[in-house]
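A quick write-up on the structure given underneath.
Throughout, protein chains are lettered first and strands after them, A, B, ... in sequence-line order, and every chain is numbered starting at 1.
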There are 2 protein chains.
Amino acid sequence: MAGATAPEPRLRADAERNAEQIRRAAIDAFHGRGLTVPLEEVAKVAGVSKGTIFNRFGGRIGLIEAVIEEVVATELYAIMDRTRSIGEPGERLRYYVTAVRDLQYRQPALVDTMLQVYPDSENLMAICHAGTEIHEELVTAGQSCGALRPEFTAEDLQVLLHDSALALKHGTRPRRADYDRRTTYLLDGIHAP
Amino acid sequence: MAGATAPEPRLRADAERNAEQIRRAAIDAFHGRGLTVPLEEVAKVAGVSKGTIFNRFGGRIGLIEAVIEEVVATELYAIMDRTRSIGEPGERLRYYVTAVRDLQYRQPALVDTMLQVYPDSENLMAICHAGTEIHEELVTAGQSCGALRPEFTAEDLQVLLHDSALALKHGTRPRRADYDRRTTYLLDGIHAP
DNA sequence: CCACAACTTGACTCACCGAGTCAGTTTACC
DNA sequence: GGTAAACTGACTCGGTGAGTCAAGTTGTGG
C-alpha cells in the first residue's frame, strides 16, 4: 500500500524534464496572457513542440489542471483566508472586493477563471464554487451588521466581479490609478446609504 | 438646383422594392440581435439573397449607415435632448445614465455602437462622438454643483457605460429588475459622498 | 553496444463561421 | 422580344488554433 502516488509507469528522463519545462512555461504564459494563450506559444517557451504538450497533458484542460494551483488558486485562496480573518463585516467585504479586483488586474488568468472560459476543467470550476460560497458569507454578514444595502444580493456581488472580469478581458486596460478609483466607486455604490 | 437628392440612376422597380425590404429587415434584425447579426439572416428575412444586400448597400457598413438612424440614433439623440433639458445637474446625470442603461438593455444595437464594433462606419463614430461630448458636459456640470464626487472624470463615465455595454454583450442577460437595481448601485457609487 | 520501446516532431487536417464574389439565370422595361 | 439591370447561391477565402499521426530520434535495460 506504499505506492498510492501514481499508477503511471515512470517517465523516461527526457520526458520528465520536458514535462517540467512545460509546466513552468505554462505558468509563465498563463500569468502573462491568460488561460487562452495558444498552446503553441507555451510549447515554444518550453522549448518543445506542441505535440509534446498533448503527449504529456492531453491538451489545454489537462495542462490547466496541472498548473492552476500555482497560477491563481494559491493567491486567490489566500485572499479568501485573509478575508475571513477580518472581524468587521463591512471591512471584510471591502477588503475582498479590493483584493480580487487587484488580482484580476494583475492576473489575466484569474479573469479567465472567473469567466469560466473552460467549464470542463474541474479545478477551475472548484475555484468558482469557492467564490460563490464566500460571496454568500460576505453578503449575509455585511447585511446583518448594516454595512451593505439591504437589497444587495450575493448574486449582485457575483455579477459585479464577473463584470469587472469582462471589462478587463474585452475592454481597454485602464491605467492602474483609474482602475483603483473605479473600485472605490463600486464599493461606495453597494455600501448602505 | 432642384435635384440635389441623388446622382444615382433610378433603380428598377424590383430593385427599389428589395432595397426597402432589406432596410426593414435590417432594422428588425439589428434591433433583435445587434449590429453583428449575419447578413445572410437579414437577407432571409427580407426575402432576398445575400448577394442583393451587397448589390444595393455594398456590405454591412453601408447597410448600417442606411438604417442606424432608425435603429438607435433617433432614440439615443432623444435621450440626449431630454437630458439637456433637465435643470438640476445631479438629476440630469441620473436621468442620462438610467436612460442609456435602459436603452442598452433593450437594444443590442446600441451596445454594438458603443463598443465601436464597426469603426469604419462614419455614422456610428459620429454617435460615439456625440456621447463623449455630452459626457463631458454632464461631468463638468455635475461637479460644479457638487452632485458628483470631485475625482470623477468624463472618462470614468465613458468607461462606466462602456463596461455596461460589455456586460450585456458578453455576460448572461440579467432579469430586468436585477439590472435596474444594479443601475442604482452605479449611480450611488459616483454620487458625491 | 544494440534493439526497441518511449518519446518527440511539425506538417497536416479539421473546424469554424460568415464576408464577399461572380457566372449563370431571371426579370423589368422600352 | 431584345437588352440591360438585377438576382441568385454555390463557391472561395481568411484567419486562427486545436488536435493528429507517420516518420524520425533518443533513452534505457540487457
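Whole-Å rounding puts the A:L39 CG to D:dA18 C1' distance at 8 Å. One can place CD of B:E16 at 14 Å from P of C:dA28, the figure rounded to the nearest angstrom. A:D14 places its CG atom 15 Å from the C1' atom of C:dC4, with the value rounded to the nearest Å. Straight-line distance from the CG atom of B:L35 to the P atom of C:dG18: 16 Å, rounded to whole Å. Spacing between atom CZ of A:R10 and atom P of D:dG29 amounts to 10 Å, rounded to whole angstrom units. With rounding to whole Å, A:N18 atom CG is found 17 Å from D:dT25 atom P. Computed from coordinates, the B:E40 CD to C:dG18 C1' distance equals 8 Å when rounded to whole Å. In this structure, the CD atom of A:Q21 is 14 Å from the C1' atom of C:dC7, given to the nearest Å.
Contact annotation: the side chain of B:K169 approaches that of B:T36 to within less than 4.5 Å [non-hydrogen atoms, C-beta and beyond]. Contact check for B:L148 versus B:L138: no side-chain heavy atoms found under the 4.5 Å cut-off.
Judged by the 6.0 Å distance and 45° axis criteria, A:R101 is positioned over the aromatic ring of A:Y179. Geometrically, B:R173 engages B:Y105 in a cation-pi contact, judged by NZ or CZ lying under 6.0 Å from the ring centre and within 45° of the ring axis.
With sequence neighbours left out, A:D28 forms a salt bridge (Lys or Arg N to Asp or Glu O under 4.0 Å) with no residue at all.
In this structure a side-chain-to-backbone donor-acceptor pair under 3.5 Å is missing from A:S121 to A:Y118.
For B:R12, the side-chain atoms get nearest to C:dC29 when compared with the rest of D:dT28, C:dC7, C:dC29.
Scanning residues 41-67 of chain B for heavy-atom distances under 4.0 Å to DNA chain D yields B:V48, B:S49, B:G51, B:T52, B:N55, B:R56.
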